[in-house]
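Have a look at the structure below before the remarks.
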Amino acid sequence: MSSADDSPSQTIDTTLLMQQVARLIALQDRSLNTRNLQYRSEFVQSFRYKGRLIRRLVSLHDSVNDMLAEADRRAHVANANIVNHTDAENRLYKSYKELMRWIPSIRDIPQTELGDALLQLERGADTGRTDDTHRLKVFVVNWLMQQTPKPEPPLSAEDKSGRGFYNDATGSFLCPVDYDWNVPIHRQNIRDFHPDFLVTAQSWPAFLYAGGQSDPANLDSGLFKNEILVKACSAHKCRYRH
């Protein structure tokens, strides 16, 4: 006869216990995988928020991939004793060093997550620039509406109509420094697209220069020092510090 330990009921109980243990292990593995996936997702998504500062503190135009590619290129050419680099390469490498300064956690990205993380950085950078541009548009409109006399027709941050050269306030900023917006015939000729008063991509608008006027003998004098331009830059920096 079989011993009590070999009874059918004992065998069934042992089989059920092993099945339950197997199910428990499978659930634990599934839970662990879910937590790992959630962690990796949160880790990658965090770079989208970090990327928002790139256009403010790192580079206005350079892509993250280009910065990292330049760092890799330098690491390779260093072994070949190549020390001469173009101005564009030096500028890109300077941006890379600023990127590592402000977002050093890039070094901790696993290779398997690198592509997604870099994509989130780029998206964050583009989103941050878009938000900053929108806020500056609101700021500038508010500043212009505080002037005396007020712009006519009135300006609205939510409505783009009544701007450009058809508004004296905005027209005075957009007017090329080659012409005088305060001279009525100049204003009219610009608005009428007169061939002698064309506004082209090569025109330097008044809002770039201090006082809205340039020195024909030295176009660098006062460049990028217009009061409203400096005010916009200061507002942008102060907002980031806070």
Q) Below 4.0 angstrom, N of the basic side chain to O of the carboxylate: do Glu227 and Lys231 qualify? A) no
**Q.** Beyond-backbone contact of Val199 with Phe193, side-chain heavy atoms, under 4.5 angstrom
**A.** no
Q) Are Arg129 and Asp126 close enough for a salt bridge, meaning some N to O gap below 4.0 Å? A) yes
Q. Do Asp159 and Ser161 have a side chain donor and acceptor closer than 3.5 Å?
A. yes
Q: Evaluate the criterion side chain to side chain contact (heavy atoms under 4.5 Å, CB included) for residue pair Arg187 and Ile190; output intermediate values, then yes/no.
A: CA-CA 5 Å; Arg187 291 200 301 269; Ile190 290 174; 6.0 Å; no
Q. Considering residues, nucleotides and ligands other than His194, do more than 12 of their heavy atoms fall under 6.0 Å from its NE2?
A. yes
Q. Who passes side-chain contact (heavy atoms from CB on, under 4.5 Å) against Pro205, sequence neighbours left out?
A. Phe207, Leu208
Q | Donor-acceptor contact below 3.5 Å, side chain Ser59 vs main chain Arg55 | A | no
Q: Give the intermediate values and the outcome of side chain to side chain contact (heavy atoms under 4.5 Å, CB included) for residues Glu122 and Ile54.
A: CA-CA 9 Å; Glu122 293 285 5; Ile54 289 177; over 6 Å; no
(Q) Quick check against the 3.5 Å criterion: does Ser221 have a side-chain atom that pairs as donor or acceptor with the backbone of Asn218? (A) no
Q. For atom CG of Asp192, is the number of surrounding heavy atoms from other residues, nucleotides or ligands below 6.0 Å larger than 12?
A. yes
Q: Give a yes or no on whether the backbone of Phe165 and the side-chain of Arg191 come within a donor-acceptor separation of less than 3.5 Å.
A: yes
Q) After noting the C-alpha distance and the side-chain angles of Arg74 and Glu89, does the key distance pass the side chain to side chain contact (heavy atoms under 4.5 Å, CB included) rule? A) CA-CA 9 Å; Arg74 293 215 176 199; Glu89 291 168 344; 4.2 Å; yes
Q: With side chain to side chain contact (heavy atoms under 4.5 Å, CB included) as the test, would you mind laying out the steps for Lys94 and Glu70 before giving the verdict?
A: CA-CA 10 Å; Lys94 181 179 179 181; Glu70 175 58 21; over 6 Å; no
Q) After noting the C-alpha distance and the side-chain angles of Phe197 and His186, does the key distance pass the ring-ring contact (aromatic ring centres under 6.0 Å, His included) rule? A) CA-CA 7 Å; Phe197 288 84; His186 285 200; 4.9 Å; yes
